[in-house]
Amino acid sequence: MCRPTVVGQERVPTEGPLLLAANHSSWGETVLLPAMTNRVLTFAAKQELFTARGPMRLVGMFLRAVGIRPMDRSGGRASASSMSAVLEPLLEGGAIALFPEGTRAPDDRLYKGKTGVARLALGSGAPVVPVGLLNTRPVRRRFPPITMMWKPVIIFGEPLDFSEWAGGEDDRAVLRHVTDSVMGAIQELTGQTYVDVYAASLKSAREEGRELVAKELPHPGYGSPLPQHPAERAAAKARKAAEAAEAAEATAPVPESAGDVQP
């Protein structure tokens, strides 16, 4: 009914673990993306949908029935621990779709991505296919006389391999670098202006009547240095440990007699 156009479907691997990462402007994208992808997708949805009461409990029941995984968006350890439930389908060779912005963007710009996509990519070794979604905001149609997406475009980019950063799941600099790389690939597909602030933070500020500076950058990660490679960091840590051991040995007390020297 909405006449979607798909570009680059051949770039989506047909088997094996896979992460699809897309920009997020409309709730309808959670229907559009799996409908127009050649893989069965599992989504990660905000945890609040699974714990709602009243009539909204039906939404939580439906999400569980179709395999949607809850995601804690509060940040920190809570968000990191919720990754285990989302990581499971990847380890079983499945495909997961994520909206790294964490919520629908309040306007047509691209917002700072949350690092969940990086944690999943590094924890599973799955490639990340960036997805650009265009024309997905619902518009009022005269025929049929409903509000719906009209001629949306789904653009699949080339798969991104982050295996060289394996082992950096606990390194904030590595997680931010991988996330910014994914968001940069999405920006190349959509041509959106990038804003270096979380969409949820901007929404909260507007609701509370606060002013939040939303700085626009040429691309995600602009001006940020490349993080130290996990292997280099491990090697540096090993060198420091060896140097500390040598220093401790050099300052050790000398035995008082030759009889105290062990062979």
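Residues: numbered from 1 along the sequence shown. Heavy-atom basis, side chains included; hydrogens, waters and symmetry copies ignored.
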Test side chain to side chain contact (heavy atoms under 4.5 Å, CB included) applied to Val139 and Thr147, step by step:
CA-CA 5 Å; Val139 295; Thr147 300; 5.9 Å; no
Kindly indicate, with the supporting measurements, whether the criterion side chain to side chain contact (heavy atoms under 4.5 Å, CB included) is fulfilled by Ile96 and Leu20.
CA-CA 6 Å; Ile96 286 182; Leu20 295 180; over 6 Å; no
Might you work through the side-chain hydrogen bond (donor to acceptor under 3.5 Å, both in side chains) test for Thr5 and Lys151, ending with a clear yes or no?
CA-CA 7 Å; Thr5 298; Lys151 295 186 177 180; over 6 Å; no
Should Ile155 and Val6 be marked as a side chain to side chain contact (heavy atoms under 4.5 Å, CB included) after you check the CA-CA gap, both sets of side-chain angles, and the distance that decides it?
CA-CA 6 Å; Ile155 308 174; Val6 179; over 6 Å; no
Between Arg39 and Glu15, is the salt bridge (Lys or Arg N to Asp or Glu O under 4.0 Å) condition met? List the steps.
CA-CA 8 Å; Arg39 294 287 299 269; Glu15 58 183 19; over 6 Å; no
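Between the side chain of Ser204 and the main chain of Ser201, no donor-acceptor pair closer than 3.5 Å is present. Judged by distance alone, the side chain of Gln9 and the main-chain N or O of Met36 form a donor-acceptor pair under 3.5 Å. One N or O on the side chain of Ser26 and one on the backbone of Gly28 form a donor-acceptor pair closer than 3.5 Å. Judged by distance alone, the side chain of Glu207 and the main-chain N or O of Leu202 form no donor-acceptor pair under 3.5 Å. Using a distance-only test at 3.5 Å, with no hydrogens or angles considered, a donor-acceptor pair links the side chain of Arg137 to the main chain of Asp107.
The local environment of CD in Glu10 is crowded, with over 12 non-hydrogen atoms from other residues, nucleotides or ligands closer than 6.0 Å. Within 6.0 Å of CZ in Arg140 there are more than 12 heavy atoms belonging to other residues, nucleotides or ligands. Summarising the local packing, CD of Glu232 is surrounded by more than 12 heavy atoms from other residues, nucleotides or ligands at distances under 6.0 Å.
Geometrically, Arg141 engages Trp150 in a cation-pi contact, judged by NZ or CZ lying under 6.0 Å from the ring centre and within 45° of the ring axis.
Evaluation of the ring pair (Phe, Tyr, Trp, His ring centres under 6.0 Å) test over residues 181-222, restricted to residues two or more places apart or in two chains, returns His219-Tyr222. Pairs passing the salt bridge (Lys or Arg N to Asp or Glu O under 4.0 Å) check and including a residue from residues 153-176, sequence neighbours excluded, read Arg11-Glu158, Asp171-Arg233, Arg176-Asp180.
A distance of 6.0 Å separates OG1 of Thr30 from CZ of Phe99, quoted to the nearest 0.5 Å. Once rounded to the nearest 0.5 Å, the distance linking CD1 of Ile154 with CG of Leu32 reads 4.0 Å.
Looking at Thr179 and Lys114, their side chains never bring a donor and an acceptor atom within 3.5 Å of each other.
When each of Glu29, Glu101, Arg104 is checked for a side-chain hydrogen bond (donor to acceptor under 3.5 Å, both in side chains) with His24, only Glu29 meets the rule.
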